[in-house]
Amino acid sequence: MTVTRRLTEAEWRTVEEETARRPQASRPPEGTGERIDGQPEGARERVNRRWQEVLQETRVAQTGVQILFGFLLSLAFTAGFRDLDGFDRGLYVVTVVLAASSTAALIAPVSLHRCLSGLRLKEEVVIAAGRLMVCGMVLLALTVACTLMLILNVVLGGALAAGVVVGAVMLWFALCWYVTPYRLRRRALSRNQDGGRR
């Protein structure tokens with residue numbers, strides 16, 4: 001059994017001083033295709049790096065969808081669930097199906113890797129996993145929208161008020177998850193094209 005303890009402030013200072021004394025390898029900008037030593041990144045290194053990135057992204061997304069899915073599944077067994085009208089029950093069914101679909105899409109990269117391991121298809125796995133992640137994120141956003149609609153319809157007492165709030169939240173999701181990355185991507189591509197002309 002490993003025993004861990006917190007470092008004292010003096011120990012942290014010692015670690016920081018030793019780290020500062022070591023020569024630091026400058027890290028190239030992400031996605032430039034270069035390694036830390038400045039050499040070009042090989043195809044195998046690139047696909048391995050991309051696979052590690054997909055795994056990290058999957059871990060973050062899976063946690064959120066699994067918590068939400070668990071909450072939704074437990075909701076059907078509460079006392080207040082029996083009081084829901086037909087619209088709310090239908091919305092609940094749609095929400096649970098979306099959550100299950102999102103869970104499947106976000107866990108699929110792990111299954112892909114396990115089923116295709118050793119067949120030298122890592123690049124294909126990375127591409128498919130990236131597409132499944134995008135699909136899972138869209139389904140997750142729809143799950144959140146339906147969950148909000150279900151809860152706010154009960155709390156606010158009307159579908160119109162709930163719909164306005166859900167619409168505003170989904171606009172925020174779209175801005176954070178899709179518009180901002182798209183704008184940054186366009187800016188980076190534009191900068192790369194301008195740099196290529198010089």
Side-chain angles (χ1 to χ4, degrees), residues 31 47-185:
V47 79
N48 284 334
R49 175 183 52 80
R50 288 177 60 211
W51 175 247
Q52 290 303 317
E53 290 170 357
V54 166
L55 285 181
Q56 291 290 37
E57 293 163 359
T58 300
R59 286 185 189 112
V60 172
Q62 279 177 353
T63 304
V65 76
Q66 287 170 344
I67 291 169
L68 183 57
F69 192 38
F71 161 74
L72 288 169
L73 290 177
S74 65
L75 196 62
F77 301 103
T78 60
F81 187 79
R82 288 185 216 105
D83 299 334
L84 294 179
D85 62 17
F87 172 77
D88 288 332
R89 283 177 182 263
L91 185 57
Y92 173 77
V93 170
V94 169
T95 306
V96 169
V97 169
L98 284 170
S101 301
S102 178
T103 302
L106 292 172
I107 294 176
V110 177
S111 177
L112 268 176
H113 182 261
R114 184 55 24 227
C115 293
L116 301 175
S117 182
L119 297 177
R120 300 177 187 264
L121 295 172
K122 193 173 241 180
E123 187 163 0
E124 290 85 350
V125 169
V126 169
I127 292 167
R131 289 178 180 157
L132 284 164
M133 285 288 298
V134 170
C135 178
M137 296 299 289
V138 169
L139 290 168
L140 178 58
L142 292 172
T143 303
V144 171
C146 288
T147 304
L148 281 173
M149 187 68 181
L150 183 64
I151 292 169
L152 294 176
N153 190 34
V154 172
V155 172
L156 299 176
L160 181 62
V164 169
V165 175
V166 170
V169 171
M170 286 301 99
L171 192 60
W172 178 246
F173 265 67
L175 182 67
C176 293
W177 286 10
Y178 301 105
V179 174
T180 301
Y182 176 74
R183 289 187 65 205
L184 291 173
R185 181 186 179 112

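Residue numbers start at 1 and run along the sequence shown. All values derive from a computational prediction rather than experimental measurement.
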Enquirer: With rounding to the nearest 0.5 Å, note down the distance linking CE in M149 to CG in D88.
Expert: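 Here the interatomic distance stands at 8.5 Å.
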
Enquirer: For F81 and Y92, take the angle between the two ring planes, folded into 0 to 90°, and tell me which bin it lands in: parallel under 30, tilted 30 to 60, perpendicular over 60.
Expert: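 The arrangement is perpendicular - the two ring planes meet at more than 60°.
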
Enquirer: Calculate, to the nearest 0.5 Å, the distance between atoms CG and CG belonging to L150 and L148 respectively.
Expert: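 So the CG of L150 and the CG of L148 are separated by 9.5 Å.
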
Enquirer: State, to 0.1 Å, how close W177 and A141 come at their nearest heavy-atom pair, and which atoms those are.
Expert: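 Scanning both residues completely, I find the closest heavy atoms to be CZ3-CB, 3.8 Å.
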
Enquirer: Please lay out, stage by stage, how T143 and F69 fare under the test side chain to side chain contact (heavy atoms under 4.5 Å, CB included).
Expert: CA-CA 9 Å; T143 303; F69 192 38; over 6 Å; no

Enquirer: Give the table of side-chain donor-acceptor pairs shorter than 3.5 Å for residues 116-140, with sequence neighbours excluded, one pair per line with atom names and distance.
Expert:
unit_1: K122; atom_1: NZ; unit_2: N48; atom_2: OD1; d: 2.8

Enquirer: Is L160 atom CG crowded by more than 12 heavy atoms from other residues, nucleotides or ligands, each under 6.0 Å away?
Expert: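 No, CG of L160 has 12 or fewer neighbouring heavy atoms, counting only those of other groups under 6.0 Å.
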
Enquirer: Among V110, I67, T103, which residue meets the side chain to side chain contact (heavy atoms under 4.5 Å, CB included) test with Q62?
Expert: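 Exactly one candidate clears the test, V110.
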
Enquirer: Does CZ belonging to R183 count more than 12 external heavy atoms closer than 6.0 Å?
Expert: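 Not more than 12 within 6.0 Å, no.
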
Enquirer: Okay, side chain of R89, backbone of R82: is any donor-acceptor separation there less than 3.5 Å?
Expert: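 Indeed, once roles are kept as given, a pair shorter than 3.5 Å links the two residues.
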
Enquirer: Let me have the donor-acceptor pairs involving side chains of residues 161-176, under 3.5 Å, with sequence neighbours excluded, atom names and distances please.
Expert:
none

Enquirer: Can you tell which of V65, T63, V60 makes a side chain to side chain contact (heavy atoms under 4.5 Å, CB included) with L106?
Expert: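 Only one of V65, T63, V60 forms a side chain to side chain contact (heavy atoms under 4.5 Å, CB included) with L106, namely V65.
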
Enquirer: Ignoring hydrogens and geometry beyond distance, is a side-chain donor-acceptor pair present between R59 and Q56 at under 3.5 Å?
Expert: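 There is such a pair (donor and acceptor under 3.5 Å, judged by atom type) between the side chains of R59 and Q56.
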
Enquirer: Could you grab the distance from atom OG1 of T147 to atom CG of L72, nearest 0.5 Å is fine?
Expert: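 These two atoms lie 4.5 Å from each other.
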
Enquirer: Could you tell me whether the side chain of C146 reaches within less than 4.5 Å of the side chain of L91, counting heavy atoms only?
Expert: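 They are in side-chain contact.
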
Enquirer: Working to the nearest 0.5 Å, report the span between CG of L75 and CZ of F77.
Expert: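 L75 CG to F77 CZ: 10.0 Å, rounded to 0.5 Å.
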
Enquirer: Strictly distance-based, threshold 3.5 Å: is any side-chain N or O of S102 a donor or acceptor partner for the main-chain N or O of L98?
Expert: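 Side chain of S102 to backbone of L98: no pair is present.
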
Enquirer: Using every non-hydrogen atom in the two residues, find where N153 and G158 come nearest and quote the distance to one decimal.
Expert: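 In terms of heavy atoms, the two residues are closest at OD1-C, 3.1 Å.
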
